[in-house]
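I have placed the structure first, in the form of structure tokens, so that the comments after it can refer back to it.
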Amino acid sequence: MIDVRLIREDRAAVAAALGRRGVEPAEVDRVAELDETSRHLLRAQEALRVQVKELSRQVGEARRTGDQPAAASLSAESRALGEREREAAGQAELAQASLRHALLLLPNLPSDEAPDGAGAEDNVEIRRWWPAIDEGAEAPEFADHQRVPHWEIGEQLGILDMERGAKLSGSMFPLFRQMGARLLRALSAFALAHHVDAYEEIRPPSLVLTDTMTATGHLPKFSDEGYHIERDDLWAIPTAEVPLTSLYRGEIIDEASLPMRFCAVTPCFRREAGAAGRDTRGLLRIHEFDKVELMAYATEAQAASVHADITARAEGLLQELGLMYRVLDLCTGDLAAPSARTLDLEVFMPGEDRFWEVSSVSWYRDYQARRANVRYRPSSGGQPVLVHTLNGSALAWSRVWPALVETGRQPDGSVRLPDCLAPYLGGETVIRPV
RNA sequence: GGAGGGAUGGCAGAGCGGACGAAUGCGCGGCUCUUGAAAAGCCGUGGGACCUCGGUUCCCGUGGGUUCGAAUCCCACUCCCUCCGCCA
């Protein structure tokens, strides 16, 4: 969430910044009013509290000096005051809760660098890459044998069985077989191996508490998107970002250990409630997929270079895999609520003849850290400061798998995989029909 | 799942109804002494919120309750440890 003090000090500036992403000024006004009310009630309650404490002290003193009548009357007075204090405390608490609730629903302030825009159509493409572009190669022409959607290839080669996946779990739960399954495992190992130099490998739980989901901004607003296990009140994570961001929830980190960087491969679960009927073929939109995620805590000064590092690492993987992709600077209207700036990596899928997002590298400033209460102690001493959080998929396999299979398809129908995966596939990089 | 024990500041650990945001030790920071270091001594050292920036208030696992007053008493829950059962 954003700092309520910003609204207190310069409401117009906050309204203007949030206006860039389509938030009505009235919403900011509402928060300002709730803040006003809440502080007013808090002051009233504390004033009563002071009196109760003072009277209690006097009761104790009267008792000690043996002045029973005075003690009794002071005690009665304090009891009456305590009654009022309890009432005031209840009101103050209620006001604080509604303030927090309203604040949690407010999106982050967009970064100045984020381009203005209303929706996905206004995102700005900042670069495009394809194999050998450095040597002056033209954008690749894809042949007809590559213009086959991956679900058809998957069926031909016996490596993707969407029907049996649906039999087990319903539609949009994929089932991979043979080299299809091995390819997934290879991709995870490949990606993790590339980041362990600077990113600590974590294997977090896949089910988390409501607090953990709230810290990243996935709750309370987007509860429809999450799988919830009612019996135990646990949520299936939609991305490793959720557990990783909460790793140091409520803790104070030494500045010297920043930036702290983590990577993890986890399953990701998404209900896709708002997308029913869209992109339903193959792996484009599914309820469960594996993804390797990079995540970092950083100081404000470190944030830009960490953001660049995560982006470069995600791009590096795509380049090694030889896949054509483009980088989009998300406009204010398309930015996810907690993000101040996001670069999307989209890979080209010849079978679908379009680009699909495979990675989203985001800088959240202190928006998530304030929810999660993750701070660092400055080396120079002084008060703890909220960290900045950043993260990016180091590739979502449900979108990379199709791109690899479509791009690598040969005229004879087999699929040639990039050589860099050979060590993770036992040396076998060709998938042939069975 | 059953039985018992526990949860207090960066760590260890006292406190068990009133001057306790909390003894003491360690750690950490500053200073004194010293050629320097060590030792010794002195001082300081948690977090949040609010305001009239000097204060006020809240926080002793979490949430309720009792009381004029709760770290301290009561209830519920969570987590950790030990033992038993079950189990990948």
Side-chain angles (χ1 to χ4, degrees), chain A residues 1-9 31-104 203-215 229-235 243 246-258 260 267 366 368-387:
Chain A
M1 68 190 121
I2 64 174
D3 190 347
V4 70
R5 270 172 285 214
L6 287 177
I7 296 177
R8 213 177 284 162
E9 282 157 19
V31 172
E33 280 158 31
L34 287 170
D35 176 45
E36 191 70 40
T37 310
S38 149
R39 279 187 298 156
H40 175 77
L41 290 171
L42 181 66
R43 258 173 288 159
Q45 186 228 325
E46 287 195 356
L48 286 166
R49 184 79 187 145
V50 172
Q51 295 181 56
V52 171
K53 286 184 77 165
E54 174 57 20
L55 284 169
S56 296
R57 200 189 58 78
Q58 290 176 17
V59 171
E61 205 169 294
R63 284 266 167 82
R64 223 166 295 120
T65 58
D67 189 349
Q68 292 308 328
S73 98
L74 284 165
S75 172
E77 197 184 332
S78 178
R79 189 180 317 141
L81 222 49
E83 209 65 46
R84 284 175 53 199
E85 192 260 335
R86 227 166 301 212
E87 210 173 292
Q91 289 176 6
E93 218 168 283
L94 229 62
Q96 265 159 16
S98 41
L99 170 64
R100 180 176 163 80
H101 187 72
L103 221 41
L104 281 175
R203 177 50 250 232
S206 307
L207 299 178
V208 297
L209 303 170
T210 296
D211 279 350
T212 308
M213 285 285 277
T214 304
I229 296 168
E230 215 165 299
R231 188 186 176 103
D232 299 290
D233 195 15
L234 289 168
W235 298 80
S246 280
L247 260 189
Y248 282 78
R249 189 169 74 225
E251 297 191 41
I252 299 174
I253 301 164
D254 285 334
E255 180 173 3
S257 47
L258 293 174
M260 286 181 102
D366 58 12
Q368 293 181 328
R370 184 169 291 106
R371 289 166 167 252
N373 196 24
V374 180
R375 293 167 295 169
Y376 70 91
R377 168 108 40 212
S379 308
S380 56
Q383 296 301 105
V385 179
L386 290 165
V387 300

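Reckoned from all heavy atoms, side chains included, excluding hydrogens, waters and symmetry mates. In this text, all values refer to a predicted model and were calculated from it rather than measured experimentally. Numbers restart at 1 for each chain; the letters A, B, ... are given by sequence-line order, proteins then strands.
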For [N] and [M], measure between their [atom1] atoms and round to the nearest Å.
N     : M     : atom1 : result
B:C79 : B:U62 : P     : 15 Å
B:C50 : B:G41 : P     : 42 Å
B:A49 : B:G13 : P     : 31 Å
B:A76 : B:G85 : P     : 28 Å
B:G63 : B:C84 : C1'   : 31 Å
B:C60 : B:C51 : P     : 24 Å
B:G46 : B:A40 : P     : 24 Å
B:G61 : B:U78 : C1'   : 8 Å

Please evaluate the base of B:G18 for a donor-acceptor partner in the side chain of A:Arg63 within a cut-off of under 3.5 Å?
-> yes

For [N], what is the paired nucleotide under Watson-Crick or G-U wobble rules, both distances under 3.5 Å?
N     : result
B:U78 : B:A7
B:U56 : B:A49
B:A71 : none
B:G41 : B:C31
B:A19 : none
B:C83 : B:G2
B:G36 : none

Mark yes when over 12 heavy atoms from residues, nucleotides or ligands other than A:Arg249 sit less than 6.0 Å from its CZ; otherwise mark no.
-> yes

A:Glu251 atom CD, neighbour heavy-atom count above 12 within 6.0 Å | yes

May I have all residue pairs that pass side chain to side chain donor-acceptor pair (under 3.5 Å) and include part of residues 61-79 of chain A, sequence neighbours excluded?
-> A:Arg57-A:Glu61

Is the phosphate of B:U67, meaning OP1 or OP2, less than 4.0 Å from a side-chain N or O of A:Arg79?
->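 Answer no for this pair, as no side-chain N or O of A:Arg79 is under 4.0 Å from OP1 or OP2.
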
Polar side-chain atom of A:Asp3 near backbone of A:Arg5 as donor-acceptor pair, under 3.5 Å = yes

Judged by atom type as modelled, is there a donor-acceptor pair below 3.5 Å linking the side chain of A:Ser246 to the main-chain atoms of A:Pro243?
-> no

Could you list by number each residue of [range] showing a heavy-atom separation from RNA chain B of less than 4.0 Å, or answer none if no residue does?
range                      : result
residues 46-59 of chain A  : A:Glu46, A:Arg49, A:Val50, A:Lys53, A:Ser56, A:Val59
residues 80-103 of chain A : A:Arg86
residues 65-73 of chain A  : none

Determine whether the side chains of A:Gln58 and A:Glu54 contain a donor N or O and an acceptor N or O closer than 3.5 Å.
->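 Yes, A:Glu54 and A:Gln58 have a side-chain donor paired with an acceptor closer than 3.5 Å.
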
All N/O donor-acceptor pairs, side-chain side in residues 33-45 of chain A, below 3.5 Å, sequence neighbours left out:
from: A:Asp35; atom 1: OD1; to: A:Arg8; atom 2: NH2; distance (Å): 3.1
from: A:Asp35; atom 1: OD2; to: A:Arg8; atom 2: NE; distance (Å): 2.8
from: A:Thr37; atom 1: OG1; to: A:Glu33; atom 2: O; distance (Å): 2.9
from: A:Gln45; atom 1: NE2; to: A:Glu85; atom 2: OE2; distance (Å): 2.9

Can you tell which of B:A19, B:G48, B:C50 lies closest to the side chain of A:Arg375?
->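 Output: B:G48.
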
Residue A:Arg377, side-chain atoms from C-beta onward, closest of B:A19, B:A49, B:G46 =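 Looking only at side-chain atoms, A:Arg377 lies closest to B:G46.
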
Can you name the nearest heavy-atom pair linking [X] to [Y], along with the distance?
X        : Y        : answer
A:Val385 : A:Pro378 : CG2-CG, 3.8 Å
A:Tyr248 : A:Val374 : O-CG2, 3.4 Å
A:Trp235 : A:Thr210 : NE1-OG1, 3.0 Å

Any side-chain heavy-atom pair of A:Ile7 and A:Leu103 under 4.5 Å | yes

Would you mind classifying the nucleic acid contact of A:Gln383 as base, sugar-phosphate or nothing, using non-hydrogen atoms under 4.0 angstrom?
-> sugar-phosphate

Tell me, please, which residues at least two apart from A:Gln51 pass side-chain contact (heavy atoms from CB on, under 4.5 Å).
-> A:Leu48, A:Leu81

